[in-house]
Structures are given as C-alpha cells and as structure tokens.
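Notes to accompany the following structure.
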Amino acid sequence: MLSTVTGLHLPPLNHNTDSHSPQTLTATHLLNSFASPSELKQLHAHLIKTNSPLTSLPPSRIAFVCSLNPSFSYARKLFQHLETPETEAWNSCLKAFAEGNDPIDAILLFNQLQSFCVSPDSFTLSFVLKACTRLLDVSKGRGIHGYVEKLGFQSNLFLMNMILNLYTLCGGERDARLVFDKMPQRDVVTWNIMITQLVKRGEIKGAYDLFSQMPGRSVRSWTLMISGFVQCGKPKEAIGLFLEMEEAGVRPNEVTVVAGLAACADLGDLDLGRRIHEYSNQSGFSRNVRVSNTLIEMYVKCGCLEDACKVFDGMKERTVVSWSAMIAGLAMHGQAEEALRLFSEMIEKGMDPNDVTFVGLLHACSHIGFVDQGREFFTSMTNDYGIVPKIEHYGCMVDLLSRAGLLQEAHEFIINMPIKPNSVVWGALLGGCKVHKNIELAEEATKHLSELDPLNDGYYVVLSNIYAEAQRWEDTARVRKLMRDRGVKKTPGWSSITLDGVVYEFVAGDETHPQAQEIVQMWEKLVEKMKLKGYVPNTSVVLLDIEEDQKEKFLYRHSEKLALIFGLINTEPGTPIRIMKNLRVCEDCHAAFKLISAIVDREIVVRDRNRFHCFKDGSCSCKDYW
DNA sequence: CACCGTTGTC
C-alpha cells in the first residue's frame, strides 16, 4: 500500500464523481489512482488549462497525491494556482487530516510544510495541535508549543487553550499549571479546561473553587461542575447547582440535562426528573439518544418502571446503551422474564450486546434465582459474543450462586477466577452466607474482605449479624470491637419519602418528629389488622441481646416503617407511596409492607441500596427472593 | 477555517 511508503493514509473521497464535467472527472480519476510525477504534470496542465477546477476537489485529496510525489515542491505549484492563499489551502488539508481517522497524517504533512518553508499561521498550528491532542502526543505537542512561542503566538487564546488542554490530558499536572499561570489572558474556555482536569482527578473541591472564582461562567462551566458532582457521588450538590443555574437564567442544553437527570436518578428525585423531562420535550432534547437513555435511567431509579418503558418505546433510535439500561432497569425491578425477552428482541433486531448488557442480564438472573439461565449467559457472552468477563460479571455470578444457596460452588468459582477477586465478589459470597446461615464460609469471606476493604462497615455488620442470629454473642462482640479498633463506624440506616417536593428523612427510633405521636397511633391500629392477617413480628432481625418485648419496640421503629406510616397519613388514599432506603430493607419490614399494601390498598415502592421492591395486593415484586 | 462539557453495571 502507498500509505506504508509515505506514512499517509488515504482519507475517504466524499466526491460525487457522476455529477461532474468530463474534465473534472479526468482530474478525479487521476487523483484516485497512483499519481506519478508525470501524471501530476498532466494534472497540473489540466488545471491551468481549465482554470482551477481544483477548488472543487477536496484539498486533503490533493495533499495526499502531492505527498506521494517525491518532488514535494510540485504540490506547492499546484496550490499556487488556487485562488486562495497557499497557507490557507494547506490549512484545509491539515484540518481534514486532523479531524479524520488518521490524525498522524496532519503531523506528517506539517513536517513537510516546515521543510518546504510554507509559513504557518495560527490556524495551521491549531490543526496540528488538534492532531497532537487526538493522538495524545504530548512530546510533539511540546515542540509545537515551543514553535507557537517562537512565532509570537503566546497571547493567542485559541492556541494557548489548546496547548493547556493537551497538557491536562497527557502532560504533567505541573505543565498545565505552568501554562495556566503564565497565560497573559484567560477566557471561559481556559477555566473550563482547568476545571475539567480537576474533576477528572476527582479533586471536586478544587474544581468547585475554580468554578467559584472564575469571572464568567458558560453553560459548559455549569454542566461540567454538575456532572463533576454526579461523578464523585454528590448528587445533592449537583442538583443544588442545577437549580442555582436556573436561577442565574442560564438555559440548560442537552448535556446539562443529561447531567441533571443522572443526579435525579442517583438521588431518586422524581419531581425534578419529571420537570427536566418536560423541559427536554419542549426544547426538542428528547430526540437526543443520550438524553433518552438518561431519562430511562432516571425513571428506573425513581421506581417508575412504566415511565422508563414509555421513554424506551418512544425512541426512534436506540443504542446498545438504551437496551442495556432498559434490561438493567427491568432486572432492578425484579422483572427477569421481561429482561430476558428484551434481550432476545435486541438480538433479533441485530443490535450487538456489550459487557454492560450482560451485567444487566446476570443481575436479572440473580435477582430471581435463574441459576442455569445465568450460567448459560455467562458462557454465551464469551463463546457467542466474544466478550471477556470483567470483575463485575464474576461478581454477578458469585451473587447468583450464593443467593441460590450454592455456597460451595460460589466459593470454588471465586478460587478459580482468572482475575483477582475484589471486595464485591467476596461481599456477594458473604451476603449468601447470611441468607443461608453458613458461618464457616462467612469467616473465610471476611478474611479476604478485611484485607480488600477494611474500612467498609457493611461487611463487619453482616458478619456480626450472622453471629447474632446464631446466638454467638461473644463473636458478635468481638466483631464490634474489631470495628471500633479499626475506627470503622456503622452507617446509620435512614429512609426517606418525598411529599410536595420536600424530602422527609427518618432514622430508626426517631421520636422527635412533629407527627411522631400520630405515627405511633396509626401503627398500632395497623399492627392489629396485620396480626389478624397472620403477622408475627420477626424479632430475630433485632440483633441485640435484649428482652423480647423490647425487641418488638425496636422493630416497630424501623426507619422504613416510620417513613411509610408518615406517607400514609399525609397522602390521599390510593396514591402510591415511594420510599428510599440507604441500606437494604429489613426482613420484618418486608413482610409487614406486603400486608399493609393489601390492608390500605396502596402500591408501595421501596428503593433499597440494591433494587426495588414493589408491594401490591399483599405481595412483593421480588417474589421474596432477595 | 480553531479551544472546553454528557449516558449504561457492581
């Protein structure tokens, strides 16, 4: 191939040859084939004779042919016949290369220009810098940087911003800082580049400091900061900023909307999510695939599976992300069959699944106990789709096996993993040990967890609860002491419910609430009816070594129960209730909610830290497998 | 003729 000789690759020719005059056709044919020096001479003559049809040809094509010619100066002669100045003609070639599939060509062409003393202007340099950035070639970039300064362009904001951006992407932090500090002027783009860098490094505080002190903010600045907060797990701050941006009269664009919706999804803020949806419809953003994908995610995580389906069904164009999001959403809501059906439909439509699609599918299987089906997906994903399982897939498999009670198999699966198991993997085994009461394997899992994730309180809590359930109080105490010694604190459980846009949070045993009295009275009335329907308080979940009647009192003050009763008191009969909990829902509350849903004839949707439980007519969407 | 921002899992 020619390209191997010259290092230049042929960019696609977007020219409709059919619609051209015979003369131009000749030229195009010539350009399409290998052009020897003599052919180029013919072309040259042709161009002169017909008076510049060259302008109608893509300059990158010309540059390509010219670069094949050992006498490069010939290209210059060609360009001298164009009406546009020579540098400008080269710039359009460089631009085409820099934005094409092989940005390296822009650099190679630029090198040739230099040796032939074609004088570069600021645009020339911008295209070369663009190529360096796309190639992440910081050493070439440094050379261009020097050149930019030599030519006296150091106060050209476009160029300096591009150099700064290149350094933030692949240079040292120091290089970027040096350029930033030395810049004679800065504009909003300069600041945005610096903020982007800090966000990527996870230095959200530093990013926000810059955001606060920058002179003028564009929509992009706001968007950057909002998505920065989302990325580092601070959806409250993201939403706060989103509202502040609206106050400031800045109109969100598609990207802002995506970031805002992601925050709503994480926080379960359905009200704002719906408002952003409405705004997206009005602004025509809903046609954007990414916006729709994030809308699906938002509705799924806010417990509105039907709304998510509506968005999905209404999409004109879907990507693998759309399908994966919907499959994962169905999985999260315990609709495994529907998730598998959607997968088949996806395959029928010729859409290729990716690794994330399979995480969703395995998730669906583990949440309903489709062990064999899950195993099949796990092998099929590699055999049929060539996807190498990642740690997430192993995590799902261990979860699938452990939940189903196949603890030995799960353990062997971990031991035989080709990659190092992480804390999620061992944590899944530990979770299964809790459900199926296997102390020995729980201890084995804990051994690994205290090395892999020693500061995560969840694992200590599960182990100590396993001991407590087995009445091994000394071991329980030992684990609690270990936690104290290591300075690990148990995350307090809370549940929240949103009414008229106000979030009400409850913690277990909360009696300071203004409606505490009413809540207790309502609960007592309910519990009587529940007991008639066979409710027996499951005091075994109260893992304290105390008297039975005391245990009942603790049980009745669980945060999710308080939130539910508060919701029942303060909403119209028949309206669905949505509750969020930061930890997993407790077993007794689960049993209670099923009965309550029938007694008060309400749909109760609970978002747990893992999944959704939708209680209706006395049963739960999880079919009690969780 | 140019620079900066976005989605899906555990």
Side-chain angles (χ1 to χ4, degrees), chain A residues 59 84-85 87-96 98-99 121-130 133 153 156-166 168-169 186-197 199-200 217-228 230-231 252-263 265 285 288-298 300-301 318-329 331-332 353-364 366 390-399 422-425 427-428 609-610:
Chain A
T84 41
T87 302
E88 229 172 275
W90 284 113
N91 284 351
S92 38
C93 303
L94 284 169
K95 177 179 154 73
E99 292 169 358
D121 60 12
S122 66
F123 290 98
T124 318
L125 296 165
S126 81
F127 298 130
V128 185
L129 280 169
K130 172 98 176 178
T133 305
F153 284 122
N156 182 310
L157 260 174
F158 273 106
L159 292 179
M160 292 318 288
N161 282 340
M162 290 186 89
I163 290 164
L164 177 66
N165 188 42
L166 180 62
T168 65
L169 289 176
R186 298 166 189 148
D187 65 0
V188 65
V189 175
T190 319
W191 289 91
N192 287 350
I193 290 167
M194 293 303 284
I195 292 173
T196 306
Q197 177 198 28
V199 166
K200 274 197 195 133
R217 302 175 190 101
S218 63
V219 191
R220 286 189 177 214
S221 321
W222 289 95
T223 305
L224 255 170
M225 208 57 238
I226 293 168
S227 75
V230 174
Q231 280 163 35
N253 64 20
E254 277 110 320
V255 184
T256 325
V257 157
V258 165
L261 287 171
F285 296 166
N288 179 315
V289 187
R290 288 169 190 252
V291 170
S292 291
N293 290 347
T294 318
L295 276 170
I296 292 174
E297 175 74 5
M298 184 276 292
V300 161
K301 291 199 174 159
R318 295 180 193 133
T319 63
V320 63
V321 176
S322 326
W323 290 93
S324 303
M326 201 62 240
I327 289 171
M332 211 184 277
N354 65 11
D355 55 332
V356 181
T357 319
F358 280 97
V359 173
L361 283 171
L362 293 174
H363 209 202
S366 74
K390 297 211 281 194
I391 192 76
E392 290 88 344
H393 302 103
Y394 289 101
C396 286
M397 283 306 287
V398 174
D399 187 41
N422 64 8
S423 60
V424 178
V425 171
R609 70 174 303 154
N610 284 348

**Fill in**
To the nearest angstrom, the CH2-C1' distance between A/W222 and B/dG5 comes to 15 Å
**Asked** Looking across every strand, which nucleic acid part, if any, lies under 4.0 Å from A/S122 by heavy atom: base, sugar-phosphate, or nothing?
**Response** base
**Message:** Taking the minimum atom-to-atom distance to the side chain of A/I193, which one of B/dA2, B/dC4, B/dG5 wins?
**Reply:** B/dC4
**Prompt:** B/dG8, B/dT9, B/dC1: which one has an atom nearest the side-chain heavy atoms of A/V359?
**Reply:** B/dT9
**Asked** Under 4.0 angstrom, heavy atoms only, what part of the nucleic acid is A/T294 near: base, sugar-phosphate, or nothing?
**Response** sugar-phosphate
**Prompt:** For the residue pair A/N253 and A/V255, what are the closest heavy atoms and their distance?
**Reply:** OD1-N, 3.0 Å
**Message:** Using whole Å, what does the distance between atom C1' of nucleotide B/dC3 and atom CD1 of A/I195 come to?
**Reply:** 15 Å
**Prompt:** For A/N253, which contact category applies under a 4.0 Å heavy-atom criterion: base, sugar-phosphate, or nothing?
**Reply:** base
**Item:** Ring-base stacking, A/F158 with B/dC3 (5.5 Å, 30° cut-offs)
**Value:** no
**Message:** Regarding A/K390, tell me which of base, sugar-phosphate or nothing describes its non-hydrogen contacts under 4.0 Å with the strands shown.
**Reply:** nothing
**Request:** Between B/dT6, B/dC4, B/dA2, spot the one nearest the side chain of A/Q231, thanks.
**Result:** B/dT6
**Request:** Consider the side chain of A/E88, meaning its heavy atoms from C-beta on, and name the nucleotide among B/dG8, B/dC1, B/dA2 that approaches it most closely.
**Result:** B/dC1
**Prompt:** With a 4.0 Å cut-off on heavy atoms, is A/D399 in touch with a base, just the backbone sugar-phosphate, or nothing at all?
**Reply:** nothing
**Fill in**
Checking B/dA2, B/dT7, B/dG5 against the side chain of A/K95 (C-beta onward), the nearest is B/dA2
**Under 3.5 Å: donor-acceptor pair, side chain of A/N192, backbone of A/I195** = no
**Prompt:** Which nucleotide in the list B/dT7, B/dC3, B/dG5 gets nearest to the side chain of A/V321?
**Reply:** B/dT7
**Complete:** With the side chain defined as heavy atoms from C-beta on, A/R290 is closest, among B/dG8, B/dT6, B/dA2, to B/dT6
**Item:** Nearest-angstrom distance from the residue atom CD of A/E297 to C1' of B/dT9
**Value:** 9 Å
**Item:** Nearest non-hydrogen partners of A/H393 and A/V359, listed with the distance
**Value:** NE2-CG2, 3.4 Å
**Item:** A/Y394 OH - B/dT9 P separation (whole Å)
**Value:** 21 Å
**Message:** Is any side-chain heavy atom of A/M298 closer than 4.5 Å to one of A/L295?
**Reply:** yes
**Message:** Can you measure A/K200 atom NZ to B/dT6 atom P for me and round it to whole angstrom units?
**Reply:** 7 Å
**Fill in**
Looking only at B/dC1, B/dC4, B/dT6, the nucleotide nearest the A/N91 side chain is B/dC1
**Prompt:** Any donor-acceptor pair under 3.5 Å linking the side chain of A/S292 with the backbone of A/V289?
**Reply:** no
**Request:** Ignoring the backbone of A/S126, work out which of B/dT7, B/dA2, B/dT9 is nearest its side chain.
**Result:** B/dA2
**Request:** Report which part of the nucleic acid A/F127 touches: base, sugar-phosphate, or nothing (heavy-atom distance under 4.0 Å, all strands).
**Result:** base
**Prompt:** Can you check the A/W323 CH2 to B/dG8 P distance for me, whole Å?
**Reply:** 19 Å
**Request:** Let me know the distance between CG of A/N293 and P of B/dT7, rounded to the nearest Å.
**Result:** 11 Å
**Message:** Checking contacts here: which listed nucleotide (B/dG5, B/dG8, B/dC1) is nearest the side-chain heavy atoms of A/V320?
**Reply:** B/dG8
**Message:** Please report the distance, rounded to the nearest Å, between CG in A/L157 and P in B/dC3.
**Reply:** 14 Å
**Asked** Do A/Q197 and A/M194 touch side chain to side chain, with heavy atoms closer than 4.5 Å?
**Response** yes
